[in-house]
Peer 1: 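This is the structure, below, for whatever I ask next.
Every number for a ligand or one of its atoms is a count from 1 in the order of the listing. Fair warning: this is a prediction, and the values are worked out from it, not measured in the lab.
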Amino acid sequence: MKRPRKPKELENQPGKYDERNTLNDLDGRSWLLLTKSFWESETSQIDKSAYSHPAPFMVKDIEKLISLFTKKRMTVLDPFVGSGTTIIAANNIGRSCIGIDLNEEYKDLYLNRSKGLDILQSSQYIVGDSNIVLDNLDMEVDYIVTSPPYHNILRNKSKGTRNNNGKNYRMSARDGIEYYSESPNDLGNLDEYANFLNAFKEIMTKAYSKLKNKKYATIIISDFTIEKKEVCVQADIVKLMQEIGFIFAGTTVLIQTVKPLYPFGYPYAYKINHHHQNLITFRKLEDE
Ligand SMILES: C[S@@+](CC[C@H](N)C(=O)[O-])C[C@H]1O[C@@H](n2cnc3c(N)ncnc32)[C@H](O)[C@@H]1O
């Protein structure tokens, strides 16, 4: 039997490349490694240029996802692109990306951080409400990776401190961090959690219609607290994505080792410190 030939750019990969591979450009070993249900988040120099955004992805983490779910020259969509990390990560490994964000300042941030990176002409950063922009986007994409605002947690008025016998304990990593915008269309500005879920569902329904059949989408989000109550956000996201038609494919836990620990409930009650994000992946599988 003839040995399958690797694409040229993969010739330095150590494992065997299977020519039947329709998903990505990875050899078998690299593919297998990325199916592990936890990854450690990886930082790199370029992450620093995004730090004026309240919640940027780490470029390396997104490169890994894109390399698992696409082949070279394919197109990725991120409807909440913020500082443009997804466009940069896609570009680093030869993929195009359409990124959308409401906030014009984040586009400027992206333009600054991508200076000198030779971004593919086919990539675009579109400023606008994804709920409107997606209606007018006349193209199909090969993969979606995105992270919406975490409801209104950046608007949490608590200064993140608690007085304990005259001592102030810092209670939150969010203290002093800006929220995204004042726009009523910003998902981070919706008062009710149910409204946030509905608005996210509406945008993801439109994104679903742009995704090619048999392709994948990854939502990056962690659980969080609303009015001091822990919410299993992951469960709600899976439910709404399934209602749209997406098939749940699995959750990768992205471990964030460098975050500080806060004594939220100590010494009276157990309160979790969220030191991971959930990378929740879905597939579009429609009858042909
Ligand atoms: C969690 S952040 C995404 C950060 C991004 N992954 C990065 O690496 O910088 C969510 C983003 O959603 C944007 N956003 C909120 N509502 C939106 C809407 N309706 N349409 C487009 N973008 C929106 C916010 O401006 C914010 O930048």
Peer 1: Please confirm whether D78 comes within less than 3.5 Å of ligand 1 when only nitrogen or oxygen atoms on both sides are compared.
Peer 2: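 No: no nitrogen or oxygen of D78 is under 3.5 Å from one in ligand 1.
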
Peer 1: More than 12 heavy atoms of other residues, nucleotides or ligands under 6.0 Å from NZ of K60: yes or no?
Peer 2: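 12 or below, so no.
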
Peer 1: With heavy atoms of P56 as the reference, note each atom of ligand 1 found under 4.0 Å away.
Peer 2: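 Listed by number with element: 7 (C), 8 (O), 9 (O).
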
Peer 1: Please confirm whether P148 approaches ligand 1 to less than 4.0 Å, judged on its heavy atoms.
Peer 2: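 True for this residue.
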
Peer 1: Please give me the minimum heavy-atom distance between S181 and N103, naming the atom from each residue.
Peer 2: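 In this case the closest contact between S181 and N103 is CB-ND2, 4.1 Å.
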
Peer 1: Among K107, R113, H53, which residue satisfies the side-chain hydrogen bond (donor to acceptor under 3.5 Å, both in side chains) criterion with S83?
Peer 2: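 Passing option: R113.
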
Peer 1: Considering non-hydrogen atoms of the protein only, which is the closest contact for atom 2 (S) of ligand 1, and what is the distance?
Peer 2: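 Scanning the protein heavy atoms, the shortest distance from atom 2 (S) of ligand 1 goes to Y180 OH, 3.4 Å.
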
Peer 1: For a quick test of reading the model, state the closest non-hydrogen atom pair linking I221 to Q277 and the distance between them.
Peer 2: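 Nearest pair, atom of I221 first, then Q277: C-OE1, 3.7 Å.
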
Peer 1: Could you tell me which non-hydrogen atom of M58 sits nearest to which non-hydrogen atom of E42, and how far apart they are?
Peer 2: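 M58 and E42 have their closest heavy atoms at CB-O, 3.4 Å.
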
Peer 1: Give the atoms of ligand 1, by number and element, whose distance to some non-hydrogen atom of V81 is under 4.0 Å.
Peer 2: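 The atoms of ligand 1 under 4.0 Å from a heavy atom of V81 are 5 (C), 7 (C), 9 (O).
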
Peer 1: Give the atoms of ligand 1, by number and element, whose distance to some non-hydrogen atom of T85 is under 4.0 Å.
Peer 2: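 By the 4.0 Å cutoff, the relevant atoms are 7 (C), 8 (O), 9 (O).
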
Peer 1: Please say whether S83 places an N or O atom under 3.5 Å from an N or O atom belonging to ligand 1.
Peer 2: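 So ligand 1 has an N or O lying under 3.5 Å from an N or O of S83.
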
Peer 1: Applying the 4.5 Å side-chain criterion to the ILVMFWY set and letting contacts propagate, would V145 and W31 be lumped into a single cluster?
Peer 2: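 Hydrophobic grouping puts V145 with W31.
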
Peer 1: Show, in sequence, the C-alpha distance, side-chain angles and deciding distance for D27 and R29, and conclude whether the salt bridge (Lys or Arg N to Asp or Glu O under 4.0 Å) test is met.
Peer 2: CA-CA 6 Å; D27 61 68; R29 183 177 177 277; over 6 Å; no

Peer 1: Measuring from the heavy atoms of A55, does anything fall under 4.0 Å of ligand 1?
Peer 2: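 Per 4.0 Å heavy-atom rule, A55 contacts ligand 1.
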
Peer 1: Say whether S181 and ligand 1 are in contact under the criterion: heavy-atom distance to a ligand atom below 4.0 Å.
Peer 2: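 It does not, in that no heavy atom of S181 comes within the 4.0 Å cut-off of ligand 1.
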
Peer 1: Is the number of heavy atoms from other residues, nucleotides or ligands within 6.0 Å of CD (E192) greater than 12?
Peer 2: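 For E192, atom CD is not crowded (no more than 12 foreign heavy atoms under 6.0 Å).
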
Peer 1: Relative to the ring of Y193, is the ring of H151 parallel (under 30°), tilted (30 to 60°) or perpendicular (over 60°)?
Peer 2: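 It falls in the perpendicular class, over 60°.
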
Peer 1: Please give me the minimum heavy-atom distance between L187 and I203, naming the atom from each residue.
Peer 2: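 Closest pair (atom of L187, atom of I203, distance): CD1-CD1, 4.0 Å.
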
Peer 1: Using non-hydrogen atoms of the residue, decide whether G128 is closer than 4.0 angstrom to ligand 1.
Peer 2: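 Yes, that is the case, since the closest heavy atom of the residue is under 4.0 Å from the ligand.
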
Peer 1: Give the single entry among F196, F80, F200, Y110 that approaches atom 3 (C) of ligand 1 most closely by any heavy atom.
Peer 2: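 When every heavy atom of F196, F80, F200, Y110 is considered, F80 comes closest to atom 3 (C) of ligand 1.
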
Peer 1: In the protein, which heavy atom is nearest to atom 11 (C) of ligand 1, and how far is it?
Peer 2: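 Nearest protein contact, heavy atoms only, for atom 11 (C) of ligand 1 is D101 OD2, 3.5 Å.
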
Peer 1: Polar-atom distance check: L102 versus ligand 1, any N or O pair below 3.5 Å?
Peer 2: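 Such a contact does occur with ligand 1.
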
Peer 1: Can you see which heavy atom on S222 is nearest to which on V233, and at what distance?
Peer 2: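 Minimum heavy-atom contact is O-CB, 3.7 Å.
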
Peer 1: Which heavy-atom pair separates I93 from K72 by the least distance, and what is that distance?
Peer 2: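 Looking at all heavy atoms of both residues, the closest pair is O-CG, 3.8 Å.
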
Peer 1: If you have a sec, work out which protein heavy atom is nearest atom 15 (C) of ligand 1 and how many Å separate them, to one decimal?
Peer 2: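 Ranked first by proximity to atom 15 (C) of ligand 1 is D186 OD1, 3.2 Å.
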
Peer 1: Under 4.0 angstrom from ligand 1, any heavy atom of N131?
Peer 2: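 Checking ligand 1 against N131, which is what was asked, there is no heavy-atom contact under 4.0 Å.
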
Peer 1: Are there more than 12 heavy atoms of other residues, nucleotides or ligands under 6.0 Å from atom CD of Q242?
Peer 2: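 Enclosed.
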
Peer 1: Can an N or O of H53 be found at a distance shorter than 3.5 Å from an N or O of ligand 1?
Peer 2: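 In this structure, H53 places an N or O atom under 3.5 Å from an N or O of ligand 1.
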
Peer 1: Could you tell me whether S147 and ligand 1 have an N or O pair separated by under 3.5 Å?
Peer 2: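 No; the residue has no nitrogen or oxygen that sits under 3.5 Å from a nitrogen or oxygen of the ligand.
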
Peer 1: Please identify which atoms of ligand 1 are closer than 4.0 Å to at least one heavy atom of F57.
Peer 2: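 Those of ligand 1 that fall under 4.0 Å from F57 are 6 (N), 7 (C), 8 (O).
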
Peer 1: Return the residue, atom name and 0.1 Å-rounded distance of the protein heavy atom closest to atom 16 (N) of ligand 1.
Peer 2: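 Answer for atom 16 (N) of ligand 1: L187 N, 3.1 Å.
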
Peer 1: Under 4.0 Å, counting heavy atoms only: does P79 come that close to any atom of ligand 1?
Peer 2: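 In this structure, P79 qualifies as a contact of ligand 1 - some heavy atom is under 4.0 Å.
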
Peer 1: Hey, can you tell me if F196 and F224 have their rings parallel, tilted or perpendicular (30° and 60° cut-offs)?
Peer 2: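 Rings of F196 and F224: perpendicular, over 60°.
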
Peer 1: At less than 4.0 angstrom from any non-hydrogen atom of D129, what atoms of ligand 1 do you find?
Peer 2: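 Ligand 1 atoms under the 4.0 Å threshold to D129: 18 (C), 19 (N), 20 (N).
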
Peer 1: Specify the protein heavy atom at minimum distance from atom 20 (N) of ligand 1: its residue, its atom name, and the distance to 0.1 Å.
Peer 2: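 Going by distance alone, atom 20 (N) of ligand 1 is nearest to S130 N, 3.0 Å.
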
Peer 1: Give the numbers and elements of all ligand 1 atoms closer than 4.0 Å to a heavy atom of Y106.
Peer 2: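 That gives atoms 25 (O), 27 (O) of ligand 1.
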
